[in-house]
Amino acid sequence: MGKQSKGPVRWSGDPVPWYTRSPREVASAFGVDPASGLSSPRVAELLAVNGPNALPEEKPSPAWRRFIGQYRSYMQIVLVAAAVVSLLIAQWSTAVLLVVLTLLNAIVGLRQEGKAESAMNALKSMLTTTARVRRDGTEWEIPAEQLVVGDVVLISAGDQVPADGRIIEAHALQIDESALTGESVPAVKDAGTLPDTRLGPGDQSNAAFMHTPVTHGSGVVIITGTGEDTELGKISEMLSATEKEEPPLTRELDKLTLWITAAAGLTMIVMFALGRSRDQAWDVLFVSAVSLAIAAIPEALPTVTQAILSVGSLNLAKRNAIVKELPSVETLAFTSAINSDKTGTLTMNQMTAVEVVTPTDRYTVSGTGYGLDGKIHHAAGSSAGIEDAILPYVIANDAKLVDGEVVGDPTEGAFLVLGYKAGLDIEATRERLSRIATLPFDPSYKLMATFNSAVDASGRPVVRCFVKGAAPAVTARAATALSAGASIPWDAELSLRAQQQAERMGGEGRRVMAAATRDLDPAGFDPEADLLAYVADLRMTSLVGMVDPPRDESRAAVASAQEAHIRVRMVTGDDVTTGAAIARQLGIPGEAVLGADFAALPEHEQLSRIDDIGVVGRVAPEHKVLLATTLKKKGDVVAMTGDGVNDAPAIKSADIGIAMGSGTDVAKNAGRMILSDDNFATIVYAVEQGRKLYDNLTKYIRFVLLLLVTFVLTFLGATIFNIAAGEPFTPPQVLWIHFVVNASFGFALGFDKESPGLMRRSPRPRGESVLTRPVLVTVGLSGLAITVILLGLIKLGESHFGSVQIGSSLAFTAFALCLIVAAFECRSETESVLTTSTFDSKQMNWVALAQFVLAVLVTQLDGFRRILGTTEIDLRQFGWALLSAVVFLLLWELGKLPARRSRRT
């Protein structure tokens, strides 16, 4: 054979899947003899062409570059610019303060980046380190990175599959593919050939995939893909191609910064033009300009926002939702669609037997999971007991229950729980029926059998064969059935009834298993013979319907999400029938479709049908990403949950990626939030807290915007009308307002109580700005009102009290009092503050009281007067400031009247 191009071999240049070819054809395509493996020269040639069996690794940016990257935000740029100008005009303390603020913001940003480690590197770190191969006719153990396509690899229980391959031999082989496919039980593997060319990884029963653990049996695999050409390689490529979007709040703050900077810049131009026309000195104009710049920049906004989000993330952590990136807290508020994994998130990930059907009776089983508190209820029939009907599930069973946890196969663990609920003494029964031989489960015959020492009804020693397996496999070998302790013929009517019961339970999303027994003469039994030959002429005992039950809290959580106008969809690796059945129990509406079928639709049809879909089954990683991107194109803000490697690309591409705490490091590193309890109800709680935090942040943003508009208008008005030489407030006074008044109310508003009816509102649409027209009108008019008040008080001080300094001190005091009013008014865009509910927040009340006291002290204490440049005012003068705040309150309340009327209509 000549040199191969990089990547897996294809038949005649066509992308024919390996699972559609027989083992002989696959071996021939690679020119390999499975008995001896590749030759060393051929391995060297393939390694040179294809490279090692490894995934690409992301190289982290150096620390200095990441630090400089923190200065790309508009807020940081404006702060640095203001600091530079402050240095130029010798405003040293102001410059130092601004520089310290930028450093604080950068450090917080770096800390958040440090928590968000690379999902690709986590993917690479979990790969298998060694592999057992046949080369040159000898079996070797080699580093997995040295594997090449065509290598013959041996796998057995306990191994990790080192690369993708076609299974050519399988002996009771089962592989746990949950991290890759989402399947809740190990996949049964064989060497057969599959005809369909559109199968996803979860349906390729003759293929093995990189980094999936072998849980049972053994097999031989011909490697068909290494490194980037594996299913994990595809996931790695999707991860590298997916970029996280900026959270909505970050975009809002950038937009706010640009608007304020533009307004401040325009005001500075006016100030300089008018100042020079009045022959004002350049240095005086520069000081006024710096005062305006400091006033217009919301210096405290990043710090307050970070603090609010940090406390919010701590509260979420207490409820098992660990936020890795602070902006994700507010992204939760916009969530309008949740694509949730089924197994372990909406369900318990604990198989549970819920129904037992015998030829004459039907039983229902209460309780969920591996707890023993349920009971068996005799729903129909006349048999005295259920013990004999379910005994094979307990005896042909290798699992154990230890402290409520299953050691072994989860399905077998569920059978043990069923036995305990039926009152069986399992340990004593197993000891009494000692095992002689075992026929392990194999996908070719789909059952397991044990041969145990027993005695028949007459007391004669026998070898009793206990069988459990897939219902069709067991019923096909039946000759009789157990009925009221006696055997009856397994005729066509009984077979049809069993088939109908199995179809009914399957249609309800249940996994249907069957059990049977057979007594053998000990003299004719050979434990070394072909045991499958003895599994014939069976006596059927029962059918059992099993399900991974929905969590009780998931039903309420789904209902809460729907009440909040959030659409929940189930995304699962299981088949659509099972998914649809669980969805009905949870109250998730919509049709169930296959992931491959949805992906095959044209884009316009995907967009038109997505609203009607509630369950997507048999999903591959690319289907999950497609689902998230389709919803985002529709305007939804998407949350995606998952735990496996296959979930990582979709978790990363979603607006808010949520990884399960029990999941892989790849999923955790790709996500922005981790649920330590794997509980869907926690997601809904997190959305509620996100809405509360974002609602409170918008209250604060309205307050900040009012403050900034007032500063800009006041400086502009002072310049135009030549009041206080164009500098109504000094830099220390501006910083006081920002860091003492603004920051205090910022924390109070940020930790405010939840607004009534918050979780009954529709989520904010993607891209909707917090700077809505009503907000801009309210802020603009309120800022104008305060500006008129402040400039009027300065003129009053100059004309009536004979001092501009008294007027400025009056204005400074009035500004603080007006901001107290504004803080309460900003709690709601429409509701009046003239009600008792206005004072239902203790922190708001304490901050308001403290700010009132400080508004008095800034002109009364000598220390404050020296720092802030204020002068003492008397009680009569203070009355003017207090009256101004009352007038402002009445004006704002009048402005809310039409807003309330329009809301009612």
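Residue numbers count from 1 along this sequence.
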Subject >> Minimum side-chain heavy-atom gap Ile786-Leu706 below 4.5 Å >> reply: yes
Subject >> Short side-chain to backbone donor-acceptor contact, Arg691 and Glu754, under 3.5 Å >> reply: no
**OP:** Check step by step if side-chain contact (heavy atoms from CB on, under 4.5 Å) holds for Phe878 and Thr859.
**Re:** CA-CA 10 Å; Phe878 180 79; Thr859 58; 5.9 Å; no
Original post:
Is the shortest heavy-atom distance from the side chain of Ser782 to the side chain of Phe888 under 4.5 Å?
Top reply: yes
**OP:** Specify the closest pair of heavy atoms between Ser837 and Arg827, including all atoms of both residues, with the distance to one decimal.
**Re:** O-NH1, 3.9 Å
**OP:** Taking all non-hydrogen atoms of both residues into account, name the closest pair between Thr682 and Ala321 and its distance.
**Re:** CG2-CB, 3.9 Å
Original post:
Is the number of heavy atoms from other residues, nucleotides or ligands within 6.0 Å of CH2 (Trp892) greater than 12?
Top reply: yes
Original post:
Would you say the side chain of Ile873 lies within less than 4.5 Å of the side chain of Trp880, judging by non-hydrogen atoms?
Top reply: no
Original post:
Is the shortest heavy-atom distance from the side chain of Val886 to the side chain of Val821 under 4.5 Å?
Top reply: no
**OP:** Please test Arg761 against Asp695 for salt bridge (Lys or Arg N to Asp or Glu O under 4.0 Å), starting from the C-alpha separation and ending with a verdict.
**Re:** CA-CA 11 Å; Arg761 301 179 193 171; Asp695 188 51; 3.5 Å; yes
**OP:** Answer yes when Lys692 and Asp752 have at least one side-chain N-carboxylate O distance shorter than 4.0 Å, and no when they do not.
**Re:** no
**OP:** Dump the intermediate steps for side-chain contact (heavy atoms from CB on, under 4.5 Å) on Ile308 and Leu697, then the final yes or no.
**Re:** CA-CA 8 Å; Ile308 293 170; Leu697 279 170; 3.7 Å; yes
**OP:** Would you check if Leu790 and Phe812 make a side-chain contact, meaning some heavy-atom pair closer than 4.5 Å?
**Re:** no
**OP:** Determine whether more than 12 heavy atoms belonging to other residues, nucleotides or ligands lie under 6.0 Å from atom CZ of Arg319.
**Re:** no
Would you tabulate the side-chain donor-acceptor contacts of residues 332-339 under 3.5 Å, counting partners in other chains and residues two or more places apart, or write 'none'?
from: Thr335; atom 1: OG1; to: Leu332; atom 2: O; distance (Å): 3.0
from: Ser336; atom 1: OG; to: Asp636; atom 2: OD1; distance (Å): 2.7
from: Ser336; atom 1: OG; to: Val637; atom 2: N; distance (Å): 3.0

Subject >> From CZ (Phe721) to CG (Leu716), nearest 0.5 Å >> reply: 8.5 Å
**OP:** Evaluate the side-chain proximity of Ile658 to Ile683: yes if any heavy-atom separation is below 4.5 Å, no if none is.
**Re:** yes
**OP:** State the OG-CG distance between Ser744 and Leu819, to the nearest 0.5 angstrom.
**Re:** 11.0 Å
Original post:
So which heavy atom on Val684 is nearest to which on Ala557, and how close?
Top reply: CG2-O, 3.4 Å
**OP:** For Gln843 and Phe751, indicate whether the former's side chain and the latter's backbone hold a donor-acceptor pair under 3.5 Å.
**Re:** yes
**OP:** Scan Thr714, Ile737, Leu735 and name whichever one has a side-chain contact (heavy atoms from CB on, under 4.5 Å) with Phe729.
**Re:** Thr714
Original post:
Does a side-chain heavy-atom distance below 4.5 Å link His738 with Leu707?
Top reply: yes
Subject >> side-chain contact (heavy atoms from CB on, under 4.5 Å) between Ser884 and Leu793, intermediate numbers included >> reply: CA-CA 9 Å; Ser884 300; Leu793 287 174; 3.7 Å; yes
Original post:
Could you state the interatomic distance from OG (Ser755) to CD (Glu829), rounded to the nearest 0.5 Å?
Top reply: 10.0 Å
**OP:** Examine distances only and state if a side-chain atom of Arg672 and a backbone atom of Ala654 form a donor-acceptor pair shorter than 3.5 Å.
**Re:** no
Subject >> Pair Asn696, Lys699: side-chain N/O donor-acceptor within cut-off below 3.5 Å >> reply: yes
Subject >> Test log, rule side-chain contact (heavy atoms from CB on, under 4.5 Å), inputs Val779 and Leu776 >> reply: CA-CA 5 Å; Val779 166; Leu776 293 175; 5.8 Å; no
Original post:
From Leu749 CG over to Ile701 CD1, what is the distance, rounded to the nearest 0.5 angstrom?
Top reply: 11.0 Å
Original post:
At their closest point, which heavy atom of Val833 faces which heavy atom of Lys896, and how far apart are they?
Top reply: CG1-NZ, 4.5 Å
Original post:
With a 3.5 Å cut-off and no angle check, do the side chains of Tyr700 and Asn742 form a donor-acceptor pair?
Top reply: yes
Subject >> Minimum heavy-atom distance between Val638 and Lys632, given as atom pair plus value >> reply: CG2-CG, 3.7 Å
Subject >> Main-chain N/O of Val740 paired to Gln851 side chain as donor or acceptor, under 3.5 Å >> reply: yes
Original post:
So, for Phe824 and Phe745, is the gap between ring centers shorter than 6.0 Å?
Top reply: no
Subject >> Side chain to side chain, Ile723 and Pro728, heavy atoms closer than 4.5 Å >> reply: no
**OP:** Check whether any side-chain N or O of Thr870 sits under 3.5 Å from a backbone N or O of Val858 as a donor-acceptor pair, and report yes or no.
**Re:** yes
Subject >> Straight-line distance of Lys633 NZ to Ile610 CD1, nearest 0.5 Å >> reply: 11.5 Å
Original post:
Of the non-hydrogen atoms in Thr813 and Ala855, which two are nearest, and what is the gap between them?
Top reply: CG2-O, 3.5 Å
Original post:
Between Arg702 and Glu825, is the closest basic N to carboxylate O distance under 4.0 Å?
Top reply: no
Original post:
Do Gln733 side-chain atoms and Thr730 backbone N/O form a donor-acceptor pair below 3.5 Å?
Top reply: yes
Original post:
Can you tell me if Lys634 uses its side chain to pair, donor with acceptor, with the backbone of Thr629 under 3.5 Å?
Top reply: no
**OP:** Hey, could you give me the OG1/CG distance between Thr331 and Leu693, rounded to the nearest 0.5 Å?
**Re:** 11.5 Å
